[in-house]
Amino acid sequence: MTAADRLAAVNARMAAASKAASRTAIDTRLIAVTKTFDAPEIAPLIAAGHRHFGENRVQEAEAKWPALRAQTPDLTLHLIGQLQSNKADPAVALFDVIHSVDRPSLVTALAKAMARQQKSLPVLLQVNIGDEPQKGGCSIAETPALLAAARAAGLDVVGLMAVPPAELEPAPFFALLAKMTKDLALPEISMGMSGDFETAIQLGSTMVRIGSALFGTRPPLAQG
Ligand SMILES: *Cc1c(COP(=O)(O)O)cnc(C)c1O
């Protein structure tokens with residue numbers, strides 16, 4: 001199968017999941033996660049008309065996306081991985097949406113970077129939905145306060161994002177994130193990856209982040 005075939009297959013599975021949940025396919029945006037993959041793997045998706053892409057590291061994204069974007073200016077680039085405050089400036093310069101805002105110090109750093117660059121990027125708050133010590137994300141209890149702090153700093157918060165614990169059934173975590181998003185009256189829910197995106201769509205995801213189902217498996221060290 002070519003990359004374009006895999007893109008069509010994922011889009012068809014998304015449409016079927018949306019239909020089963022009585023939603024329309026366009027309710028959920030597909031973010032093609034390109035970490036560890038380079039221009040030769042990415043270009044066929046752009047050629048097939050895909051425009052939303054996700055990366056989890058600023059430095060890796062800086063190495064490949066400026067050239068791809070020079071050829072296709074209407075790409076939307078999503079930062080989906082943990083962000084260090086000292087990388088806020090390059091992140092704001094390169095990305096269009098940031099899914100991983102998870103602490104007050106990062107809110108401050110991003111607000112400063114956006115002010116300096118006169119940009120206002122939509123952001124999502126990442127929630128540590130499974131309360132896992134090794135994982136990024138704000139605790140469930142602290143999320144309303146982080147939302148208030150982000151808004152007070154002038155950030156345009158559009159939704160919540162989470163990655164459920166790898167070894168557990170994801171549905172209860174997706175349902176919880178959807179409920180939190182609804183309670184906070186936010187429009188976007190970023191949840192669902194290659195192994196569980198149909199369940200995520202069923203439970204209300206508006207953005208699925210899919211890598212291996214489009215590009216094949218990654219080297220183990222780069223899974224995070
Ligand atoms: C890598 C990654 C994905 C995509 O994972 P796949 O299982 O390859 O679809 C989604 N979200 C985040 C935050 C990631 O780091």
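We count ligands from 1, going down the list as the structure has it; atoms in each ligand are counted the same way.
Heavy-atom proximity to Ser194, at under 4.0 Å, picks out these atoms of ligand 1: 6 (P), 7 (O), 8 (O), 9 (O). Residue contact check: Ile210 has heavy atoms under 4.0 Å from atoms 9 (O) of ligand 1. Short contacts between ligand 1 and Ile80, defined as distances under 4.0 Å to a heavy atom of the residue, involve ligand atoms 11 (N), 12 (C), 13 (C), 14 (C).
For Gly211, a nitrogen or oxygen atom sits less than 3.5 Å from a nitrogen or oxygen atom of ligand 1, counting backbone and side chain alike.
By the criterion of a heavy-atom distance under 4.0 Å, the side chain of Arg218, and not its backbone, is placed next to ligand 1.
A donor-acceptor contact closer than 3.5 angstrom links the side chains of Glu188 and Thr206. Residues Asp196 and Thr199 have side chains that never bring a donor and an acceptor to within less than 3.5 angstrom of each other. Judged by distance alone, the side chains of Arg209 and Ser190 do bring a donor and an acceptor atom under 3.5 Å apart. Donor-acceptor pairing under 3.5 Å is lacking for the side chains of Glu41 and Thr34.
Ring planes of Phe37 and Phe215: parallel class, angle under 30° (limits at 30 and 60°).
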